[in-house]
Amino acid sequence: MIYLARRNFQYLIGGVVAMLVSTVFEGAQLGAIVPLADRIFNNKLIVLPKGMPPFVMEWAEKLNDLDRNQIFYGIIFIIPLFILLKGVCFYIQGYMMNQVAQKSVADTRGDLFRKYQQLSLDFYSQKRQGELMSRITNDAGFIGTAISYGLTDVVYQSFLAVMFTVIAITISWKMVLIVLVVFPLNALMIYSIGKTIKKQSLYSQESMADLNSILAETNQGVSIVKAFSREEHEIGRFDEINKRYYKSVVKGIRRNLLMTPVAELLAAIAVVIVFWVGGKQVMKGDMSFGVFLLFLTALMSILRPIKKLTAVYGIIQQAIASTQRLYDIFDWKPSIVDSLAAVVAHPPEKYIRFHDVSFKYEKKEERWIIKNFSHDFEIGKTTALVGPTGCGKTTIMNMILRFYDADKGVVLFDDQDIKQVTINSLRQHAGLVTQDMILFNETIRENLRYGKLDATDQELHEAARQALASEFIDRLPNGLDTVVGDRGFKLSGGQKQRLCIARAILKNPKILLLDEATSALDAESEYFVQQALDNLMKNRTVIVIAHRLSTIRHASCIIVMDQGRVVQKGEHDDLMKSSELYARLASYHFNQ
């Protein structure tokens, strides 16, 4: 927790100092018991046990010499002042520690989101979206609770426990030894229960991640759920995990609550023994009642910080479990990174070369997604990739963008290995349009500017015009300032795809990658989108995957793939005659 709070160290120090000063005032208030009990209420001299420090003896002698009325009016003035000052310190420490907590949570969430952006696509293929959401919401939130309450109590209650212990030891270290016998038993009990709390907390947080995953899946697929009348099925799935989460939380609460009464019982036994021993000293006259009352109050007061620290231990165990889950992400290394000698990529002038490239997503599996793939994609030409589902077409595009690296072989821009150039400069030269039609819940203006952050309104309108999107944008009440909804929910499929194309036009890439950009559209939408694509493809190097014959029949080269290998290459008319696989695909998949 302290490590996560390191960037707010000045607030942490300020909070600790305020807690220390507050502890001093707490001790001063407690010390007033002695003159109140002995000098004011009983009108007797303060009698201290033998062996106490000289400054304490002098303090007692001065109080014994003072008139009881002076002491009475002095305490009436001093105690409210101490309470006021302690209250000011309490406010300062609360403000400082909550600043540390909330800023640490914000920093941790920011770091985690930044880490998400830095990780490669293989990370996202192994993690559920709900699980990643749970890390950044629930787990980071536990850190804030642990700092604002847990860390605060650890420091402040430890100060109080030390102060009360010092007071008790100063009066009678022998009676304090009686209490110390209980502490090892108490610590052993807390440690044992704390281990189960940590384990239970980890299980609870994993259950919460499952809840988030189901929530994300059903919200995104709500139309499918309703179309298949599977609402009750999804409710059942949610209820099952919700109950599992509820049971795990209750178990953790039960174990947490168990620590406090057990700790109090052990401490109470020690206090009873001390009361018996100390009471005998008071009756013999070896110690005045006020001093024994101070000792007993200090000893009893130790229970309060111990009780707090015991409860805090459970919170800290939960935070440790959350921290472990966070560092599972922080420790994850991106598989695609710039090499130490990486240089800025220049756009290829002759070809994008795949030389004997092989690749598989799961390195332990035997099946290769791409196997010994070789081809020179000519610059300025359109090359189409066709083949059965799963033959590796999209993987080829992903490797050009370095979403994944080849396990064998090399990908070159002219004669430059793309692993030796910076990732950002490489991707600046390529534009991607997919069938997924990803839009953000922002305005049309902000979605288009994803292609060029500093684009002017004139450039936005021109890109929309070329993408044939102006005709529907102009009809919208707010035009470019219309919010499109989550994943573009307020727009039709064709409208969303034309915005994606306009976004790519704004980027003005040298290399254009089209991954089945019209496969999910109806005939009318496809007509407009295909026109927009034709505008986008002009004077560019295009690599296209399509299930529509109209998209690829005029390609300079068509590569027929099967099981990760190149089966045949050529133009459409030649392949229709020479390639049985291509002819079959054209017949069944290209909507001729």
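Both backbone and side-chain heavy atoms feed into the values below; hydrogens, waters and symmetry mates do not.
Of the inter-residue distances, the one linking Leu326 atom CG with Asp331 atom CG reads 10.5 Å to the nearest 0.5 angstrom. Taking OH of Tyr95 as the reference point, atom CD1 of Ile92 lies at 11.0 Å (rounded to 0.5 Å). If you take CG on Leu121 and CD1 on Ile336, they are separated by 8.5 Å, rounding to the nearest 0.5 Å. The distance from atom CG of Leu63 to atom CD1 of Ile40, rounded to the nearest 0.5 Å, is 9.5 Å. Note that NZ of Lys115 and CH2 of Trp332 are 10.5 Å apart. Values are rounded to the nearest 0.5 Å. With values rounded to the nearest 0.5 angstrom, Leu112 atom CG is found 10.0 Å from Gln117 atom CD.
Within a 6.0 Å radius of CZ in Phe72, no more than 12 heavy atoms belonging to other residues, nucleotides or ligands are found. Applying the 6.0 Å contact sphere to CZ of Phe440 captures more than 12 heavy atoms from other residues, nucleotides or ligands. Gln29 CD: more than 12 foreign heavy atoms inside a 6.0 Å radius. Within a 6.0 Å sphere centred on CZ of Phe90, heavy atoms belonging to other residues, nucleotides or ligands number 12 at most. Within a 6.0 Å sphere centred on CZ of Phe403, other residues, nucleotides and ligands contribute more than 12 heavy atoms. Within a 6.0 Å sphere centred on CZ of Phe113, heavy atoms belonging to other residues, nucleotides or ligands number 12 at most.
Not one N or O on the side chain of Tyr156 forms a donor-acceptor pair closer than 3.5 Å with the backbone of Gln93. Judged by distance alone, with hydrogens and angles left aside, the side-chain atoms of Asn98 form a donor-acceptor pair with the main-chain N or O of Gly94 at under 3.5 Å. Side-chain atoms of Ser22 do not come within 3.5 Å of backbone N or O of Ala18 as any donor-acceptor pair. Of the possible polar contacts, none joining the Asp153 side chain to the Leu309 backbone as a donor-acceptor pair under 3.5 Å is found.
In this structure, the side chains of Val291 and Val47 stay at 4.5 Å or more apart for every pair of heavy atoms. Taking the side chain as every heavy atom from C-beta outward, Glu232 and Ile235 approach each other to under 4.5 Å. Side-chain contact between Lys333 and Leu119 is absent, with no heavy atoms from C-beta onward closer than 4.5 Å. At least one side-chain heavy atom of Leu132 sits less than 4.5 Å from a side-chain heavy atom of Phe123. Taking 4.5 Å as the limit, some side-chain heavy atom of Val16 sits within range of a side-chain heavy atom of Phe159. Taking the side chain as every heavy atom from C-beta outward, Leu426 and Leu401 never approach each other to under 4.5 Å.
Contact record, Leu491 with Leu439: CD1-CD1, 4.3 Å, taken as the closest heavy-atom pair. Contact detail for Arg445 and Leu460: the closest heavy-atom pair is CG-CD1, 3.6 Å. Arg325 approaches Arg135 most closely through the heavy-atom pair NH2-NH1, 2.9 Å. Nearest approach of Arg39 to Lys44, heavy atoms of both residues: CD-O, 3.3 Å. Across every non-hydrogen atom of Arg109 and Thr137, the tightest pair is NH2-O, 2.9 Å. Residue Thr443 comes nearest to Leu480 through the heavy atom pair CB-O, 3.6 Å, listed as atom of the first residue, atom of the second, then distance.
Below 30°, between 30° and 60°, or above 60°: for Tyr404 and Tyr361 the angle between ring planes is above 60°, a perpendicular geometry.
Salt-bridge formation is detected for the pair Asp111/Arg114: a Lys NZ or Arg NE/NH1/NH2 atom is positioned less than 4.0 Å from an Asp or Glu carboxylate oxygen. Of the charged side-chain nitrogens involved, none lies within less than 4.0 Å of a carboxylate oxygen, so that Glu442 and Arg503 do not count as a salt-bridged pair. A salt bridge links Asp107 to Lys103: one of the charged nitrogens lies within less than 4.0 Å of a carboxylate oxygen.
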TODO: Would you sort out whether Thr152 and Met19 count as a side chain to side chain contact (heavy atoms under 4.5 Å, CB included), showing the intermediate values?
DONE: CA-CA 9 Å; Thr152 299; Met19 283 185 264; 4.2 Å; yes

TODO: Verify side chain to side chain contact (heavy atoms under 4.5 Å, CB included) between Met163 and Leu160, making sure each step is shown before the conclusion.
DONE: CA-CA 5 Å; Met163 181 198 66; Leu160 290 176; 4.3 Å; yes

Task: Audit row: Leu499, Asn447, side chain to side chain contact (heavy atoms under 4.5 Å, CB included) steps and yes/no - done: CA-CA 8 Å; Leu499 289 182; Asn447 273 284; 5.8 Å; no

TODO: Please lay out, stage by stage, how Ile76 and Tyr73 fare under the test side chain to side chain contact (heavy atoms under 4.5 Å, CB included).
DONE: CA-CA 5 Å; Ile76 288 177; Tyr73 290 113; 4.3 Å; yes

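If you look at Phe330 and Tyr327, their ring centroids are closer than 6.0 Å.
Partners of Ser335 under the side chain to side chain donor-acceptor pair (under 3.5 Å) rule, at least two apart in sequence or in another chain, are Ser120, Asp122.
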